[in-house]
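Each remark here refers to the structure printed beneath this line.
Just so it is clear, the model here is predicted, and its values are computed rather than measured.
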Amino acid sequence: MDLVLVRELCHLRAPGHGPEFRGILRRVLPDADERERRFAAEEPRLWRGAVR
């Protein structure tokens with residue numbers, strides 16, 4: 001949950017997912033790369049509501 005929230009807040013400073021965004025994200029969450037790997041592994045099992 002921290003990863004998702006911090007990523008969205010980073011977009012207030014840097015649109016897109018370029019180097020500026022990645023730099024801000026890593027300053028706030030130094031382990032962001034590992035968190036993203038874990039999130040990607042778990043994401044298929046997360047509930048997304050009634051997506052059709």
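Other members of the hydrophobic cluster containing Leu9, listed by chain and number, are Leu5, Leu12; membership follows side-chain contacts under 4.5 Å among ILVMFWY residues, whether direct or relayed.
With values rounded to the nearest 0.5 angstrom, Cys10 atom SG is found 11.0 Å from Arg26 atom CZ. Remark: Arg35 CZ to Asp2 CG distance equals 5.0 Å, nearest 0.5 Å.
Scored by the ring-ring contact (aromatic ring centres under 6.0 Å, His included) test, Phe21 finds His11, His17 as partners (sequence neighbours excluded). Residues satisfying the salt bridge (charged side-chain N to carboxylate O under 4.0 Å, His left out) criterion with Arg45, sequence neighbours excluded, are Glu42. Contacts of Glu8 classified as side-chain hydrogen bond (donor to acceptor under 3.5 Å, both in side chains), with partners at least two apart in sequence or in another chain: none. Applying the side chain to side chain contact (heavy atoms under 4.5 Å, CB included) rule to Glu36 yields the partners Leu3, Arg7, Arg22, Leu25, Asp33; only residues at least two apart in sequence or on another chain are considered.
The hydrophobic clustering, which links ILVMFWY residues whose side-chain heavy atoms are closer than 4.5 Å, places Ile24 and Val4 apart.
Residue pairs meeting the ring-ring contact (aromatic ring centres under 6.0 Å, His included) criterion with at least one partner in residues 24-45, sequence neighbours excluded, are absent.
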